[in-house]
Amino acid sequence: MRLPIRAVTPESESAEIIGWVHEVRDLGGLTFFLIRDRTGIIQVTIPKKKVPAEIVEAARDVSRESVVRVQGKVKAIAKAPGGREIVPEELEIISVAESPLPLDVAEKVPAEMDTRIDSRFLDVRKPRVRAIFAIRSTVTCAATEFLHSRGYINITTPKIVAAATEGGTELFPIAYFEKEAFMNQSPQLYKQMMMAAGFEKVFEIGPIFRAEEHNTVRHLNEATSLDVEASFADHNDVMELLEDLIVYVYEAVAKTCGEHLAELDVDLAVPKKPFPRIPYAEAIEIANATIEEKLAFGDDLSPAAERAIGNEIGQHYFVVDWPTDIRPYYAMPYPDRPEFCKAFDLMHPRMELSSGAQRIHDHDLLVERIRAKGLAPEAFEFYLKAFRYGMPPHAGWGLGIERLVMTMLGLGNIREAVLFPRDRHRLTP
Ligand code: ATP
Ligand code: AMO
């Protein structure tokens, strides 16, 4: 019976394993294989004079990354990985890998990002790369666990939609029979409608689509967003929820992903609550103290500004009290100073992680704000209708999962945190 490689110990007497050939070393009288599965690596040693001739014969044909089955005696040996090796009694080549390989899974030869993504199935065989996705899985599971424990309901909303949510740009149009439709930029309108539905607390982890024209290391054309919406809550309530979630997720990764973190050489520090709340006007001042291209009131934070503020603060922080004009139409203005709104961004020192706000729940004010953005309220009728029959006050946010993983693990490129990235030049694999 096949054993996971990790389960083979120096004390095992015999074992059968199936895995990929990580490395081959032929020293004449002795051949060494390293065999890898997702649980680890084991050495298989073939002393040519001591094993059956058919095994020596089969071993000659084994190329790197072929899938092989090995059955044999286990010996304790200090020099081998895990302190053990297998001397085969049976060696079966299950699937031969062509040579040369498109990239080196053992990572002796480094590969460019493009080469890696072109052969992503091979790239992900690297223990270091697999560790990223094991951690990403823990991140989304822990976030789900956390939100369930707080009474949030997991919803699924359409990804083929009729209207933009985040303003008119950055949309992918698609043909939907005889109509024009779009790939959804955000579940924004749907999660708000679920507040009118009385669900009170909802969340979704799903794809969002943005027609970003430029290739950057922190933008994707298809990203994954964790969206939350809560009724009878304001911006402060959902900022607290967000910082609790971030800390919970970091703690879960620190607690359960030790081996993967070690594989990535990451010494994970759990962020400390509460994260500083910095009003937008103050954020501009902090940035302008050091950046060359000064920001004026009403400018979005430039990447240079984000870096400058991040260096100054040195930890996760919120930028709050944004000018109403530079936030989406659904952000709630402060009643006593409507030029500012109850919107916020959660920032990691390197980049923005999340945006959110208390929302406008008054129908007429929302229509006015949609018009002020130069958009047509008629296009939003299906959404506006939900505001005419009893809409509770509500607030929420959207958090980019790839950016969360990227900043947590110190990855240089957001593409490292996606299995099959979609960017300006890439539609395959
Ligand atoms: P969001 O779009 O949700 O606010 P973000 O982190 O992508 O999140 P943006 O507001 O898009 O932030 O951009 C922040 C800054 O980065 C802006 O000053 C913008 O000009 C700049 N920027 C955004 N997208 C790009 C891009 N594709 N290439 C270069 N700069 C960009
Ligand atoms: P926003 O547009 O700020 O807000 O998006 C929320 C978060 O999603 C991530 N994100 C992206 N990640 C990678 N590539 C992209 N192109 C990309 N675009 C966005 C970021 C960002 O902070 N409806 C609001 C949320 C809300 O108010 O609830 C929204 O979509 O991490």
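Remember, it's 1-based here, ligands and their atoms both numbered in the order they're listed.
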With a cutoff of 4.0 Å, is [X] in contact with ligand 2, counting heavy atoms of the residue only?
| X | answer |
| --- | --- |
| Glu402 | no |
| Ile414 | yes |
| Gln185 | no |
| Glu170 | no |
| Ser225 | no |

So, is Ala223 polar-close to ligand 2, with some N/O to N/O distance under 3.5 Å?
no
Taking N or O atoms only and a 3.5 Å limit, does Leu353 qualify as a polar contact for ligand 2?
yes
Of the side chain and backbone of Arg359, name the one, both, or neither that has a heavy atom under 4.0 Å from an atom of ligand 2.
side chain
Atoms of ligand 2 less than 4.0 Å from [X] heavy atoms?
| X | value |
| --- | --- |
| Arg218 | 13 (C), 14 (N) |
| Glu212 | 16 (N) |
| Lys191 | 26 (C), 28 (O) |
| Ser354 | 22 (O) |
| His219 | 14 (N), 16 (N) |
| Tyr330 | 23 (N), 24 (C), 27 (O) |
| Gly356 | 27 (O) |
| Gly398 | 6 (C), 7 (C), 25 (C), 26 (C), 28 (O) |

Between [X] and [Y], does any side-chain N to carboxylate O distance fall below 4.0 Å?
| X | Y | answer |
| --- | --- | --- |
| Asp299 | Lys294 | no |
| Glu204 | Lys159 | yes |
| Glu416 | Arg116 | yes |
| Glu243 | Arg277 | yes |

Can you tell me if His394 and Gln192 form a side-chain donor-acceptor pair at under 3.5 Å?
yes
Would you say the side-chain atoms of Glu98 and Ser63 include a donor-acceptor pair closer than 3.5 Å?
no
Over 60° means perpendicular and under 30° means parallel, so classify the ring planes of Trp322 and Tyr280, tilted if in between.
tilted
Ranking Gln188, Arg327, Arg210 by closest non-hydrogen atom to atom 1 (P) of ligand 2, top hit is Arg210
Proximity winner for atom 20 (C) of ligand 2, if only heavy atoms of Gln192, Arg403, Met351 are counted:
Arg403
Passes ring-ring contact (aromatic ring centres under 6.0 Å, His included), Tyr250 versus Phe146? Steps please.
CA-CA 12 Å; Tyr250 266 76; Phe146 170 83; over 10 Å; no
Restricting to ring pair (Phe, Tyr, Trp, His ring centres under 6.0 Å), what partner residues turn up for Phe203, sequence neighbours left out?
His148
Neighbour count above 12 (heavy atom, 6.0 Å) for Lys385 NZ
no
With sequence neighbours excluded, give me every salt bridge (Lys or Arg N to Asp or Glu O under 4.0 Å) pair touching residues 190-203.
Lys191-Asp227, Lys191-Glu229
